[in-house]
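First comes the structure, then the notes that go with it.
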Protein chains: 2
Amino acid sequence: MTVSDYFSNTAAPSSSDTLNRVGCPSREILDHVTSRWGVLILAALLERSYRFSELRRRIGGISEKMLAETLRALERDGFVHRDAQPVIPPHVDYSLTPLGREVGEQVWALTQWVERQVPTVFKARDAYDAARAKTG
Amino acid sequence: MTVSDYFSNTAAPSSSDTLNRVGCPSREILDHVTSRWGVLILAALLERSYRFSELRRRIGGISEKMLAETLRALERDGFVHRDAQPVIPPHVDYSLTPLGREVGEQVWALTQWVERQVPTVFKARDAYDAARAKTG
DNA sequence: CAGGATCCGTAACGATACTG
DNA sequence: CAGTATCGTTACGGATCCTG
């Protein structure tokens with residue numbers, strides 16, 4: 001499937017032949033899994049299942065709000081399974097669904113690829129900045 | 001390489017063993033290529049090279065500012081090649097570097113995967129919403 | 001413990017006007 | 001044509017307080 005095929009078959013609010021499909025559902029889903037916290041949550045849950053506060057500590061720096069919101073979005077999309085045991089105090093386990101494991105691994109692969117290219121990217125940035133300093 | 005290995009070897013401003021490496025360079029690079037406009041620009045340039053305004057029309061709905069900013073970020077990272085011919089009126093071609101083609105294809109693969117799962121995700125959402133309507 | 005509700009600041013984004 | 005500069009808005013994210 002080509003890029004052109006891909007983007008021409010779905011209704012676009014703006015124009016008919018545009019890459020930018022506003023409000024496109026796949027774009028929204030992609031945002032959930034590639035968002036700042038989405039990536040980290042998927043990565044953590046790729047290790048094992050976690051409880052809410054446990055996950056919060058594991059990730060570090062994430063607010064309760066964002067953890068809850070991102071988890072809910074991922075759960076609603078079918079990537080995360082929420083297992084709430086009706087005990088007091090509450091005990092809730094979060095884990096990846098098979099579908100979630102699939103995306104998680106792909107996002108994770110991309111993350112690793114990017115990480116491997118960091119030195120290369122830095123060299124490119126140095127070259128870019130140097131060229132800019134000269135010509136200005 | 002495991003998730004744990006991956007996130008434990010870089011300096012983290014907050015804590016030492018956290019998934020969240022604030023200001024992490026790979027995270028910034030990942031943002032550039034998975035951002036709303038980054039994804040679309042990479043997709044377009046996967047087809048062929050484009051001139052600035054041409055690219056703007058091809059993507060649709062992107063402002064000049066965002067196109068310029070995103071292109072500059074991708075160029076600086078070494079993913080996009082900018083060929084400015086010194087003529088009047090200016091003629092500038094944007095294309096992918098080999099490195100850019102690599103990320104582009106990966107991001108594109110992820111986008112396609114997500115697109116294929118849209119029906120599945122929608123079913124999951126329906127189930128989620130239905131369960132919420134009852135208990136919620 | 002697991003979250004929901006609320007308030008608030010910032011930074012990202014869009015629209016517009018202008019320039020080489 | 002290919003941008004840069006500026007400004008106004010908005011939506012995202014963080015901090016805090018509260019509840020079952």
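Every chain is numbered from 1 and lettered A, B, ... according to where its sequence line falls, protein lines coming before strand lines.
Side chain of A/Arg132, nearest nucleotide from C/dC1, D/dG14, D/dT4: D/dT4. With distances taken from any side-chain atom of B/Arg82 to the nucleotides D/dG13, D/dT4, D/dA2, the minimum falls on D/dA2. Checked against C/dG14, C/dA2, D/dG3, the side chain of B/Phe52 finds its nearest nucleotide in D/dG3. Nearest to the side-chain atoms of B/Arg72 among the listed nucleotides D/dT4, D/dG3, D/dG20 stands D/dT4. Of the candidate nucleotides C/dG14, C/dG4, D/dG20, C/dG4 has the atom nearest to the side chain of A/Ala68.
Side-chain nitrogen and oxygen atoms of B/Ser53 include at least one within less than 4.0 Å of the OP1 or OP2 phosphate oxygen of D/dA2. OP1 or OP2 of D/dA2 has at least one side-chain nitrogen or oxygen of B/Arg51 nearer than 4.0 Å. Distances shown here put a side-chain N or O of B/Tyr94 below 4.0 Å from the OP1 or OP2 atom of D/dG3.
Checked by atom type, the side-chain pair B/Tyr50/B/Arg58 shows a donor-acceptor distance below 3.5 Å.
Nearest-nucleotide positions on DNA chain C for A/Pro89 and B/Trp37 put A/Pro89 closer to the 5' end. In terms of position along DNA chain C, the nucleotide closest to B/Glu69 lies nearer the 5' end than the nucleotide closest to the other residue of the pair B/Glu69 and B/Arg56. Residue whose closest nucleotide on DNA chain D sits further toward the 5' end, between A/Glu64 and B/Glu54: B/Glu54.
Under a 3.5 Å cut-off, the side chain of B/Arg56 and the backbone N or O of B/Ile62 do form a donor-acceptor pair. Under a 3.5 Å cut-off, the side chain of B/Thr70 and the backbone N or O of B/Gly38 do not form any donor-acceptor pair. The backbone N or O of A/Val103 lies less than 3.5 Å from no partner atom in the side chain of A/Gln106, so there is not a single donor-acceptor pair.
Atom-to-atom, CD of A/Glu75 to C1' of C/dG4 comes out at 15 Å; the value is rounded to the nearest Å. The separation between B/Leu67 atom CG and C/dA15 atom C1' is 15 Å, rounded to whole Å. In this structure, the CD1 atom of A/Ile88 is 15 Å from the P atom of C/dG3, given to the nearest Å. Note: CD1 (A/Ile41) to C1' (C/dG3) measures 14 Å, nearest angstrom. The distance from atom CZ of A/Arg57 to atom P of C/dG3 is 14 Å, rounded to the nearest whole Å. Rounding to whole angstrom units, CG of residue B/Leu71 and C1' of C/dC13 are separated by 16 Å. With rounding to whole Å, B/His91 atom NE2 is found 11 Å from D/dC1 atom P. In this structure, B/Lys65 places its NZ atom 13 Å from P of C/dA11, rounding to the nearest Å.
The two atoms that bring B/Thr97 and B/Val80 nearest to each other are CG2-C, 3.9 Å, heavy atoms only.
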